[in-house]
2 protein chains.
Amino acid sequence: MARTAGSHSEITGPRVLQAALTLFARHGFAAVSMRQIAAEVGVQAGALYNYTPDKQTLLFDLMRTHMEGLLEAWEAEKSDGDATERLRRFTRFHITYHLERPDEVFISYMELRNLTPENFREIEALRRKYETELEKILRDGLAEGVFNVPDPRVVTMAVIAMVTGVTTWYRTAGRLSVEAVQDIYWQMVQRAVSA
Amino acid sequence: MARTAGSHSEITGPRVLQAALTLFARHGFAAVSMRQIAAEVGVQAGALYNYTPDKQTLLFDLMRTHMEGLLEAWEAEKSDGDATERLRRFTRFHITYHLERPDEVFISYMELRNLTPENFREIEALRRKYETELEKILRDGLAEGVFNVPDPRVVTMAVIAMVTGVTTWYRTAGRLSVEAVQDIYWQMVQRAVSA
DNA sequence: GTCTATAAAAAGATAGAC
DNA sequence: GTCTATCTTTTTATAGAC
C-alpha cells in the first residue's frame, strides 16, 4: 500500500518492536540495519527514533519483555502440589511457552553478547530468577526423598537445556503435537531425577 | 612488538583463523570487522585477503573444520560394546570434546544464520551425521531391549541439547571437575533412556 | 509523527608500491 | 606477503521541513 506522512503512534510503536523481533531472530541483531526494520514497518529509518533512542534499546526491550513475561506466566501457572507435580507442571509449561514464542526465545539466547554490560546484567538476573524456580523444585523433591539428584544446580541447567532444546527442531507442521512432545520430555525429565 | 613488512605465510594463516574464531565467539560474526581481525593478528586489513577470499569463507572454514574434527574424533573414540557402553562413551566424549573447544562450539551453534545457503547445507549435513551416531545407539539399545525410548529421534535431540548445554555454564575454575560433570550427566542420560 | 536530506563513521574489498 | 591508499557502499543517528 502507498503510504503518506501522518500520525500513527499507537500502531507504529508495536510494529517497530515486532519487526525488530522478527528480523533479529532471522538474521541476528548485528546483521540487521535500522533501514531494514523501517522497511519492514513501512516507514523511513528516521521515523524509528520516535520509538526508540537507539538500536541497543530495541534489543534490550525485546529481551526484558520476554523474560518478564516468562516469569509472570510461570507465577500464574505454578501450583503448590508435591515436588513431582510441580516438576511436571514446570516441564510442560516451559515447553508450551517456549514453542509459542520461537523468535523471542531465539534472540533471548543468541543475542546476549550484543547487550551492553548493564543491560546484560539485568537480563541475566531475570534468567537466573527463572532457573531458581526449577532449582527450588529439585531441592524440595530431594528433601522429600522423591528425587535423587547428585547436584541440584547442575541438574537444573541440564533440564533447562534439554527442554529449551525443543525450539531448535520442533515444527508445527511436523508429525508430533505439542502434547506428544510434552509427554516424551516429561518422561525423560521424570526418570532423570526420580529416586 | 614493532612489525615491519615481510613474509610470514605459514605463521599468519593459522593466526588469522584463530583471531577470527576468538572474535566471532566473543562478539558474533556480523559484529566483527575485518579490521578488528587484522588488528588482533597484527597486520593490516588488506593482508587478510591473502588467506581468505572473504569474510564468509572465514566463518565457513571455522565451522567445517570444527564439525569434521568432531566426527573424526568420535570415529576414533567409539567402540563396539553393547548399547549402554556405547551411550556412556558418547556422553563422556561429547562433554569432553565440547568443553575443550568452547569457541568452536559457540560459533557452530550461534552463527548458522550467517552462512550462505550452500554453506549452511554443508554444515547441517555434518551436524546431522553426528546426531545420527547417537540415534543409532538409541535404536540399537531399543532393539536389544535395554533402552525404553518412545521416540528415538526426539530423544536424540533432547540428549544432545542436554549435554551440549554444559558449555553454557561450565567454568574450568569452578567447583566441579570435568569428570564430576561427566558422571552427573551420564547418570541423567542413563536413567532417561533405560528400560 | 513522518518525511527528505545529510552528517560522520565504518564496513568489505581491491590496487599497486615495496 | 604486507603495506598504504582508496573505492564504494552501508551504517547509526540527527536536523529541519511539513
Side-chain angles (χ1 to χ4, degrees), chain A residues 1-21 23-24 26-62 107 111 113-119, chain B residues 1-24 26-63 107 111 113-119:
Chain A
M1 65 178 179
R3 296 198 74 271
T4 54
S7 292
H8 303 281
S9 175
E10 286 154 29
I11 293 182
T12 306
R15 272 165 57 75
V16 169
L17 284 170
Q18 179 59 51
L21 173 65
L23 290 170
F24 290 168
R26 188 139 59 216
H27 307 291
F29 172 77
V32 172
S33 70
M34 294 297 269
R35 280 172 181 79
Q36 281 177 274
I37 298 170
E40 182 83 8
V41 174
V43 297
Q44 293 300 311
L48 296 180
Y49 293 88
N50 290 312
Y51 302 97
T52 182
D54 50 34
K55 195 182 166 192
Q56 166 71 204
T57 304
L58 222 39
L59 176 63
F60 176 61
D61 285 346
L62 288 171
I107 69 161
E111 302 298 350
R113 294 176 298 192
N114 287 306
L115 291 172
T116 61
E118 316 91 88
N119 288 345
Chain B
M1 65 176 180
R3 295 196 78 270
T4 54
S7 292
H8 302 281
S9 174
E10 286 154 29
I11 293 182
T12 305
R15 272 165 58 74
V16 169
L17 284 170
Q18 180 59 52
L21 173 66
T22 305
L23 289 169
F24 289 167
R26 188 139 59 218
H27 307 292
F29 172 76
V32 172
S33 70
M34 294 297 271
R35 281 171 179 80
Q36 280 177 272
I37 297 170
E40 182 83 9
V41 174
V43 297
Q44 293 300 311
L48 296 180
Y49 293 88
N50 290 313
Y51 302 97
T52 181
D54 50 35
K55 196 182 166 192
Q56 166 71 205
T57 304
L58 221 39
L59 176 63
F60 176 61
D61 285 346
L62 288 171
M63 292 176 73
I107 69 161
E111 302 298 351
R113 296 176 296 191
N114 287 307
L115 291 172
T116 61
E118 316 91 86
N119 288 345

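Only this structure's heavy atoms are used, side chains among them; waters, hydrogens and symmetry mates stay out. Numbers restart at 1 for each chain; the letters A, B, ... are given by sequence-line order, proteins then strands.
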K.L.:
Distance check needed: D:dT14 C1' versus A:Lys55 NZ, whole Å only.
P.N.:
17 Å

K.L.:
C:dG12 C1' sits how many Å from B:Met34 CE, rounded?
P.N.:
7 Å

K.L.:
Could you give the CD-to-P distance, from B:Gln44 to D:dA5, as a whole number of Å?
P.N.:
10 Å

K.L.:
Starting from P on D:dT2, measure out to CZ on B:Arg15 and report it in whole angstrom.
P.N.:
10 Å

K.L.:
Side chain to side chain donor-acceptor pair (under 3.5 Å): which pairs involve residues 37-52 of chain B, sequence neighbours left out?
P.N.:
none

K.L.:
Which ones in residues 45-54 of chain A lie close to DNA chain C, meaning a heavy atom under 4.0 Å from one of its atoms?
P.N.:
A:Ala47, A:Asn50, A:Tyr51

K.L.:
With sequence neighbours left out, what residues match B:Arg113 under salt bridge (charged side-chain N to carboxylate O under 4.0 Å, His left out)?
P.N.:
A:Glu111

K.L.:
If you compare every side-chain N and O of B:Thr12 against the phosphate oxygens of D:dT2 (OP1, OP2), does one of them come in below 4.0 Å?
P.N.:
yes

K.L.:
What is the separation between atom CD on A:Glu10 and atom P on C:dT2, rounded to the nearest whole Å?
P.N.:
11 Å

K.L.:
Take atom CD1 of B:Ile37 and atom P of C:dA11, then tell me their distance rounded to the nearest Å.
P.N.:
11 Å

K.L.:
Using a cut-off of strictly less than 4.0 Å, decide whether B:Ser33 has a side-chain nitrogen or oxygen near OP1 or OP2 of C:dA10.
P.N.:
no

K.L.:
How about CD on A:Glu118, more than 12 heavy atoms from neighbouring residues, nucleotides or ligands closer than 6.0 Å, or not?
P.N.:
yes

K.L.:
Out of the candidates B:Asp54, B:Val43, B:Leu58, only one should pair with B:Leu48 under the side-chain contact (heavy atoms from CB on, under 4.5 Å) rule; please name it.
P.N.:
B:Val43

K.L.:
Any side-chain heavy atom of A:Leu115 sitting closer than 4.5 Å to one from A:Gln56?
P.N.:
yes

K.L.:
Distance check needed: C:dA11 C1' versus B:Gln56 CD, whole Å only.
P.N.:
16 Å

K.L.:
At what distance, to the nearest 0.5 angstrom, does CD of A:Gln18 lie from CG of A:Leu62?
P.N.:
9.0 Å

